[in-house]
Amino acid sequence: MAKLTVRDLDVRGKRVFVRVDYNVPMEEKDGQMVVTDATRIVETIPTLKLLISKGARIILAAHLGRPKGKREPTMSLRPVGLKLHELLGEPVEFADDCIGVSAGKIASALKDGQVALLENARYYKEEEANDPAFAEKLAQFADVYVNDAFGAAHRAHASTEGAARVVAKRGGKCAAGLLMERELKFLGDELENPARPFVVILGGAKVSDKIKVIDRLLEKANTILIGGAMAYTFKLAHGEKVGKSLVEPEHRQTALDAEAKAGKLGVNFQLPADIVVATAVDTGKLNKKGKPVFDYANIQTMKGDIPDDAEGFGIGDETARQYAKILAGAKTILWNGPLGMFEDARFAGGTNIVARAVADATQNSGAKSIIGGGDSVKAINKAKLGDKVTFMSTGGGASLEFLEGGVLPGVAALMDK
Ligand code: ADP
Ligand code: MG
């Protein structure tokens with residue numbers, strides 16, 4: 001059933017606790033922390049504008065980084081408050097504690113249509129522990145609970161779950177924000193009864209990350225197109241050689257089971273025909289994180305057994321064009337997982353051809369295209385096609401769990417319409 005949303009609420013004069021995802025990248029500049037990418041803040045503006053126009057008294061809660069229960073000054077949300085003020089064009093009060101006197105003072109002084117932001121909820125270890133007493137304190141002043149942080153909804157924390165329960169127990173409404181509403185619509189409702197053909201593109205590094213998603217989507221899709229390092233475990237399961245490619249030998253049976261299930265259900269299950277391989281060469285250098293930096297030699301596209309010293313890094317052009325042809329006839333497209341190591345331009349070719357095909361199907365034949373997964377979204381953005389697809393999830397790990405058919409605690413805590 002559809003969840004109650006901010007559109008359905010009568011909030012004039014009410015204190016509305018809104019959980020947002022303001023876990024934004026920051027950088028130190030001249031001794032101050034500044035927001036380097038405000039996308040997540042921008043994305044909450046429609047929900048905030050709607051609540052302001054309805055006369056709500058808005059109390060925003062969020063987390064930043066992993067301060068592990070300590071007041072870590074570099075992880076303060078104060079700079080986020082400044083950025084929000086700039087983007088919203090309205091004053092934003094800042095409470096330098098998410099509970100207690102400071103939060104209470106600011107929350108009780110709010111007038112209709114005013115906004116306050118609470119300091120990082122993860123300054124308290126009780127946040128991630130979903131401690132009931134802490135949730136009680138967080139929601140102390142809230143008449144209504146709204147969650148617009150889909151990316152944090154797969155965690156049962158005090159601000160994503162506990163606080164909603166507190167408000168509900170008191171007879172208050174618990175609803176989805178507009179951003180959350182869109183995520184539930186596209187990753188949920190739209191895929192329940194998709195327009196057909198429904199084509200799923202699955203890539204990424206590991207079969208083990210995607211077993212549940214593959215299993216669930218096999219029951220819904222007409223076609224599944226496989227790419228990424230995941231494809232090599234399938235190859236290995238067929239008795240082919242994979243050289244030094246990233247594989248999970250322990251998941252060979254999982255791969256065979258998926259193909260068998262596809263056969264039984266009549267799903268067109270496609271594996272890459274050609275692969276871009278290379279030989280990794282240790283440069284002897286270390287990156288910022290202290291990990292060895294590799295360069296790649298002998299880059300070539302090939303079929304069949306991968307040589308012993310080579311490693312697969314993406315789908316070849318023939319595969320990409322074959323996938324593009326299938327996508328041209330699709331009416332619904334779901335994409336999770338890049339089809340190669342797209343971060344390196346030399347291995348992004350296949351992913352980019354497929355990204356272009358998804359954009360074309362969306363623009364030219366009215367297909368609905370839905371992109372889930374943090375790296376998949378990065379790949380589409382890198383190909384500059386973000387505005388040519390129907391929907392890109394903001395959820396990262398949460399979108400994968402949702403696509404698996406899992407119940408996200410932050411979603412379960414919201415009321416049905
Ligand atoms: P998402 O975040 O969209 O769910 P994943 O996290 O599952 O996607 O996978 C993305 C990662 O998989 C990327 O960092 C990419 O470099 C890696 N990857 C894809 N194909 C390969 C490959 N052939 N070899 C090594 N890594 C790969
Ligand atoms: Mg990822």
Side-chain angles (χ1 to χ4, degrees), residues 150-151 154 183 186-187 200-214 216-217 224-236 240-248 251 254-255 271-280 287 289 291-296 299-302 306-307 310-317 319-320 323 333-355 358 369-383 385-386 389 391-404 406:
F150 181 73
H154 57 321
E183 295 278 355
F186 284 106
L187 296 180
V200 175
I201 310 162
L202 285 176
K206 292 180 177 170
V207 171
S208 56
D209 285 344
K210 307 283 159 98
I211 296 170
K212 285 192 199 148
V213 166
I214 298 175
R216 175 150 182 271
L217 291 171
I224 296 190
L225 308 173
I226 298 284
M230 200 206 301
Y232 314 133
T233 298
F234 283 89
K235 216 171 159 61
L236 191 67
E240 289 176 59
K241 292 197 170 154
V242 293
K244 290 199 164 73
S245 305
L246 183 61
V247 285
E248 295 171 288
H251 282 298
T254 312
L271 293 165
D274 60 342
I275 295 175
V276 180
V277 303
T279 316
N287 69 10
K289 288 181 182 160
K291 294 215 175 113
V293 176
F294 288 94
D295 198 9
Y296 301 97
I299 299 175
Q300 53 179 310
T301 302
M302 55 159 296
I306 299 176
E311 193 172 341
F313 287 110
I315 59 170
D317 278 8
T319 302
Y323 287 4
I333 299 166
L334 173 67
W335 188 350
N336 177 271
L339 302 180
M341 204 170 71
F342 74 96
E343 294 91 342
D344 186 318
R346 293 171 290 183
F347 307 116
T351 298
N352 288 342
I353 291 175
V354 170
V358 172
S369 52
I370 299 165
I371 319 294
D375 293 294
S376 311
V377 168
K378 275 186 206 150
I380 299 281
N381 280 331
K382 212 165 176 197
L385 295 169
V389 296
F391 178 72
M392 291 205 291
S393 175
T394 59
S399 30
L400 190 64
E401 278 191 38
F402 195 66
L403 288 173
E404 285 170 357

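All values below come from the heavy atoms of this structure, side chains included, with hydrogens, waters and symmetry mates left out. Each ligand, and each atom within it, is numbered from 1 in the order the structure gives.
For Lys382, the NZ atom is densely surrounded, since the number of other residues' heavy atoms within 6.0 Å is greater than 12.
Taking only nitrogen or oxygen atoms, main chain and side chain alike, Gly228 does not reach within less than 3.5 Å of ligand 1. Residue Asp209 has no nitrogen or oxygen atom sitting less than 3.5 Å from a nitrogen or oxygen atom of ligand 1, judged on distance alone.
Atom 8 (O) of ligand 1 has its closest protein heavy atom at Pro338 CD, 3.5 Å. Of the protein's heavy atoms, Asp375 OD2, 3.0 Å lies nearest to atom 6 (O) of ligand 1. Nearest protein heavy-atom neighbour of atom 18 (N) of ligand 1: Gly340 O, 3.9 Å. Of the protein's heavy atoms, Ala229 CB, 4.1 Å lies nearest to atom 25 (C) of ligand 1. Nearest protein heavy-atom contact of atom 12 (O) of ligand 1 is Ala205 N, 3.4 Å. Atom 3 (O) of ligand 1 has its closest protein heavy atom at Ser376 OG, 2.4 Å.
The line from OH of Tyr323 to CD1 of Ile353 is 12.5 Å long, rounded to the nearest 0.5 Å. Glu343 contributes atom CD, which lies 9.0 Å from atom OG1 of Thr351 (distance to the nearest 0.5 angstrom). A distance of 12.0 Å separates CG in Leu217 from CD1 in Ile201, rounded to the nearest 0.5 Å.
Counting just the N/O/S atoms of Asp375, the one with the shortest distance to the Mg ion (ligand 2) is named OD2.
A donor-acceptor distance shorter than 3.5 angstrom exists from the side chain of Thr233 to the backbone of Glu248, with no hydrogens or angles considered. Side chain of Asn336 to backbone of Gly372: a donor-acceptor contact under 3.5 angstrom is found. The closest donor-acceptor contact from the side chain of Ser245 to the backbone of Gly312 lies under 3.5 Å. Checking side-chain atoms of Asp274 against main-chain N and O of Thr319 turns up a donor-acceptor pair under 3.5 Å.
Counting the atoms of ligand 1 from 1 in the order shown, those under 4.0 Å from a heavy atom of Tyr232 are 23 (N). For ligand 1, the atoms sitting less than 4.0 Å from at least one non-hydrogen atom of Gly337 are 3 (O), 8 (O), numbered in the order shown with element in parentheses.
Note: Phe313 and Tyr296 have perpendicular aromatic rings, judged against thresholds of 30 and 60 degrees for the angle between ring planes.
Among Lys378, Lys206, Glu343, the residue whose heavy atom lies closest to atom 16 (O) of ligand 1 is Glu343. Compare Gly312, Gly374, Gly204, Ser399 by their heavy atoms: the one nearest to atom 9 (O) of ligand 1 is in Gly204.
By the 4.0 Å heavy-atom criterion, Phe347 is excluded from the residues contacting ligand 1. Note on ligand 1: Lys210 sits in its first shell, one or more heavy atoms being nearer than 4.0 Å.
Neither the backbone nor the side chain of Val377 has any atom closer than 4.0 Å to an atom of ligand 1 (non-hydrogen atoms only).
One side chain, Glu183 or Ser393, offers a donor N or O that lies under 3.5 Å from an acceptor on the other.
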